[in-house]
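Data first, discussion second: the structure below is written as structure tokens.
All values derive from a computational prediction rather than experimental measurement. In what follows, chains are A, B, ... by sequence order, proteins preceding strands, each numbered from 1.
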Amino acid sequence: MNAFMFQTNTACHDPHIGVPQIRTCKSMRELKQVHAFFVKTARTHDTTIATEILRLGATSDFRDIGYALSVFDQMPNRNCFAWNTVIRALAETQDRLLDAFFVFCKMVTEATVEPNRFTFPSVLKACAVMARFEEGKQVHGLVLKFGLVNDEFVVTNLLRMYVMCGSMDDAHVLFYRNVEGVDDVRRLVREERRGEFNVVLCNVMVDGYVRVGNLKAARDLFDRMAQRSVVSWNVMISGYAQNGFYREAIEVFRRMTQMRDMSPNRVTLISVLPAISRLGALELGKWVHLYAEKSKIRIDDVLGSALVDMYAKCGSIEKAILVFEELPQNNVITWNVVISGLAMHGKANDVFNYLSRMEKCGISPSDVTYIAILSACSHAGLVDKGRSFFNDMVNRVGLEPKIEHYGCMVDLLGRAGYLEEAEQLILSMPMKPDDVIWKALLGSCKMHKNIEIGTRVAEVLMQLAPHDSGAYVALSNMYASSGNWDGVAEVRLMMKDMDIRKDPGCSWIEIDGVTHEFLVEDDSHPRAKDIHSMLKEISNKLSLEGHMPDTTQVLLKMDEKNKEIVLHYHSEKIAVAFGLISTPPKTSLCIVKNLRICEDCHSSMKLIAKMYERKIVIRDRKRFHHFEHGSCSCMDYCRVVSPSTPPGFTNSNG
DNA sequence: TATCGAAATG
């Protein structure tokens with residue numbers, strides 16, 4: 001009970017009690033009591049009082065939209081402010097955006113009051129979030145009718161509406177009318193605010209180009225902007241990062257940190273970290289972490305999850321766990337990030353432990369959690385455990401399995417050698433199989449050298465994704481490993497006819513904060529000569545250790561000596577050679593590769609780690625490999641060639 | 001009595 005409520009008993013009819021007392025309410029309960037008092041004393045017809053009750057009910061911390069709407073419905077004289085308050089409250093919800101538009105329509109049709117410059121931003125925001133282009137255009141018409149096209153807040157929201165609807169043509173027209181020195185704008189927008197107004201408009205426009213994927217237009221405008229705010233930089237950085245331009249995102253971030261009058265904020269760090277994660281740029285990631293601590297940027301759940309993800313993806317799962325354990329609060333995403341990280345690093349037992357901790361905290365695992373859990377089972381070869389988690393997910397947690405979960409199961413069964421069961425699962429699942437899931441099975445066929453199912457799957461894949469190199473490469477790989485060179489030639493001809501190229505292998509290594517990139521047979525690096533002699537040394541040492549190059553990994557028909565040479569120039573080997581000559585002894589090397597590591601490189605790395613006494617971490621397309629003392633953390637499970645024949649599985653190869 | 005732009009997981 002607040003101070004005002006205490007007074008009500010003694011001063012029930014005091015006409016001086018009004019708006020200031022309403023404002024003292026600290027909860028919905030108090031507001032309702034105050035409201036009841038005004039009903040009892042017959043003062044709800046007082047527009048100022050009714051509006052104030054409405055305002056608190058609709059926009060305070062303890063807002064209750066339903067209650068606010070009923071107050072609004074019972075108001076005898078709704079002023080413009082009351083309409084605006086309700087429209088804004090609805091526009092700020094998740095699920096009643098359309099009602100914001102309907103209330104606005106009612107306001108216009110009733111025509112007792114005119115919408116003003118505070119009405120339009122809210123209703124436009126609702127249209128923007130819903131991406132309702134037709135409704136937005138109608139509102140634009142009314143903006144013109146009521147003469148508000150030159151109000152900066154109205155224009156910003158109009159522009160944002162077009163941007164969110166993906167209509168860059170309309171956005172363009174509006175933008176250039178308002179930005180490039182039209183007279184009436186100059187008159188109406190006060191001179192000292194013009195710059196700021198333009199920055200916001202430009203930011204929205206840059207964001208629009210980003211949303212339609214036109215990064216070039218976004219960057220052009222960004223570069224032309226007379227002033228840039230921290231938001232401008234953030235839009236550009238997150239725009240690049242979300243569209244896969246990781247290097248560009250980092251380049252813009254670097255430039256930003258060099259500006260005298262510009263400092264990255266929390267959003268900047270959240271935006272740039274995914275790019276750092278993707279490139280595995282650990283040193284830069286550490287710098288970002290340090291910067292956050294130094295600048296007193298709070299590491300909350302959002303920034304925290306980005307940092308945990310960064311450390312995990314840059315190879316440092318230990319540091320990821322440290323950051324995770326320090327987080328002030330956790331939610332389903334922070335748990336998912338740490339569990340996915342553990343799964344990537346093949347730490348199946350930790351995955352199970354963290355899952356039970358997560359559930360003990362009262363947070364229910366989501367579909368993303370189960371992707372991590374199932375892939376951990378798959379990497380660890382825990383077939384029965386995987387099946388039981390899949391059942392748990394459906395029956396205990398009540399999640400509908402998505403195609404990704406079926407993908408994990410296909411991978412799990414396939415890797416373990418249950419190829420027919422995996423194929424049956426694909427054919428019996430409730431959704432249409434996509435190329436990703438067939439590729440998972442194809443990978444297993446390759447691993448177990450099952451040409452019969454493999455050929456069948458490759459043919460399905462060529463139908464489904466005719467321009468993807470995956471199926472062709474796998475098929476030609478299978479033919480090659482069984483010495484069927486005519487088959488290989490046929491597939492290669494098909495690829496040539498359809499102009500399909502295999503993605504070139506590419507690896508990165510970060511040395512002193514600079515990322516060096518190597519392609520297959522790459523000799524473009526300034527230190528190419530030194531790298532070459534190092535590769536020679538490695539190759540000689542490998543032979544002395546008795547390592548036999550696995551030439552079945554080379555798909556081309558060429559003599560064995562040349563195949564060995566090709567193997568030595570795989571991008572991850574070049575990156576390791578460069579790492580060895582560029583760092584002091586015993587330094588760990590961390591390499592990121594765009595494709596999966598090949599078997600020959602995998603077995604070579606184990607020996608290289610031993611011979612040079614280095615810890616080598618390689619992140620490939622799927623997971624992490626920690627090479628140390630001659631072995632790999634993946635336990636070579638993914639390299640199984642001859643599985644024990646599972647029950648009910650007849651091996652067609654005899 | 002008020003209103004604008006950016007944001008993490010497979």
Side-chain angles (χ1 to χ4, degrees), chain A residues 19-20 22-23 48 51-52 54-56 58-59 79-82 84-85 87-89 91-92 116-125 128 148 151-161 163-164 193 196-208 210-211 228-239 241-242 264-275 277 299-310 312-313 327 331-341 343-344 365-376 402-405 407-408 436 622-623:
Chain A
V19 171
I22 299 172
R23 287 196 190 147
T48 355
T51 308
E52 192 56 24
L54 174 67
R55 190 181 70 86
L56 247 69
T59 58
N79 56 13
C80 187
F81 186 86
N84 292 351
T85 306
I87 293 169
R88 184 177 145 208
E92 283 171 1
N116 65 7
R117 65 203 171 91
F118 295 110
T119 321
F120 285 100
S122 298
V123 68
L124 284 167
K125 182 184 266 182
L148 293 163
D151 181 273
E152 57 190 275
F153 290 105
V154 175
V155 169
T156 309
N157 281 289
L158 256 183
L159 192 70
R160 200 170 109 84
M161 181 276 293
V163 155
M164 299 283 279
R193 296 211 54 183
E196 191 194 328
F197 173 41
N198 279 344
V199 171
V200 175
L201 272 190
C202 290
N203 291 347
V204 174
M205 201 64 188
V206 173
D207 179 50
V210 165
R211 278 170 198 272
R228 299 182 196 96
S229 65
V230 63
V231 177
S232 321
W233 290 91
N234 293 353
V235 171
M236 205 60 239
I237 291 168
S238 67
Q242 283 169 15
N265 64 10
R266 200 173 133 266
V267 177
T268 320
L269 306 189
I270 293 166
S271 304
V272 77
L273 278 167
S277 305
I299 299 179
D300 61 355
D301 48 348
V302 180
L303 179 54
S305 60
L307 282 171
V308 172
D309 188 49
M310 180 277 294
K313 288 195 174 137
L327 293 184
N331 58 37
V332 66
I333 294 177
T334 58
W335 283 104
N336 282 348
V337 171
V338 74
I339 291 174
S340 306
M344 259 186 283
S366 71
D367 54 337
V368 176
T369 327
Y370 274 100
I371 289 168
I373 295 166
L374 296 175
S375 75
K402 292 189 174 174
I403 194 157
E404 291 89 340
H405 301 101
C408 289
V436 179
K622 271 263 162 68
R623 58 164 300 161

Closest to the A/N331 side chain, choosing from B/dT3, B/dA8, B/dA6:
B/dA8
Atom-to-atom span, CE of A/M236 to P of B/dA6 - whole angstrom:
15 Å
Using a cut-off of less than 4.0 Å, is there contact between a side-chain N or O of A/R117 and OP1 or OP2 of B/dC4?
no
Distance check needed: B/dC4 P versus A/N198 CG, whole Å only.
18 Å
Would you say a side-chain N or O of A/K125 is under 4.0 Å from OP1 or OP2 of B/dC4?
yes
d(CZ, A/R88; C1', B/dC4) in whole Å
12 Å
Quick one: is B/dG5 close enough that its OP1 or OP2 comes under 4.0 Å of any side-chain N or O from A/R160?
yes
Phosphate OP1/OP2 of B/dA6: any A/Q242 side-chain N/O under 4.0 Å:
no
Looking only at B/dA6, B/dA7, B/dT9, the nucleotide nearest the A/P274 side chain is B/dT9
Closest to the A/I371 side chain: B/dG5, B/dA7, B/dG10?
B/dG10
What is the separation between atom CD on A/E92 and atom C1' on B/dA2, rounded to the nearest whole Å?
10 Å
Which nucleotide in B/dA8, B/dG10, B/dA6 has an atom nearest any side-chain atom of A/V302
B/dA8
A/R623 CZ to B/dG10 P, in whole Å, measures 16 Å
Nearest 0.5 Å please: distance from the CG atom of A/D207 over to the CE atom of A/M164.
7.5 Å
By nearest atom, which of the nucleotides B/dT3, B/dA8, B/dA6 is closest to the A/F153 side chain?
B/dT3
Euclidean distance, A/I299 CD1 relative to A/L327 CG, rounded to 0.5 Å
8.0 Å
Check whether any side-chain heavy atom of A/E152 sits under 4.5 Å from a side-chain heavy atom of A/V200, and report yes or no.
no
Residues that A/R117 engages under salt bridge (Lys or Arg N to Asp or Glu O under 4.0 Å), provided they are two or more places apart:
none
Between B/dA6, B/dG10, B/dG5, which one does the side chain of A/N265 approach most closely?
B/dA6
Per A/N234 side chain, nearest of listed nucleotides B/dT1, B/dA6, B/dG5:
B/dA6
Tell me whether A/F118 and B/dA2 count as stacked here, given that the ring centres must be under 5.5 Å apart and the planes must differ by less than 30 degrees.
yes
May I have the distance from A/L158 (atom CG) to B/dT3 (atom P), rounded to whole angstrom?
19 Å
Just to verify, what does A/Y370 make a ring pair (Phe, Tyr, Trp, His ring centres under 6.0 Å) with, not counting sequence neighbours?
none
Hey, is the side chain of A/K313 poking within less than 4.0 Å of OP1 or OP2 on B/dA8, counting only N and O atoms?
no
Taking all non-hydrogen atoms of both residues, which atom of A/V235 and which atom of A/N203 are closest, and how far apart?
CG1-O, 4.2 Å
What about A/N84: does its side chain form a donor-acceptor pair under 3.5 Å with the base of B/dA2?
yes
Between B/dG5 and A/S229, counting only base atoms on the nucleotide and side-chain atoms on the residue, is there a donor-acceptor pair under 3.5 Å?
yes
Which part of the nucleic acid, if any, lies within contact of A/V235, taking any heavy atom under 4.0 Å across all strands shown: a base, the sugar-phosphate backbone alone, or nothing?
sugar-phosphate
Rounded to the nearest angstrom, tell me the gap between atom CG in A/L201 and atom C1' in B/dG5.
10 Å
Figure out the CG/P separation between A/L303 and B/dA8, and round it to whole Å.
12 Å
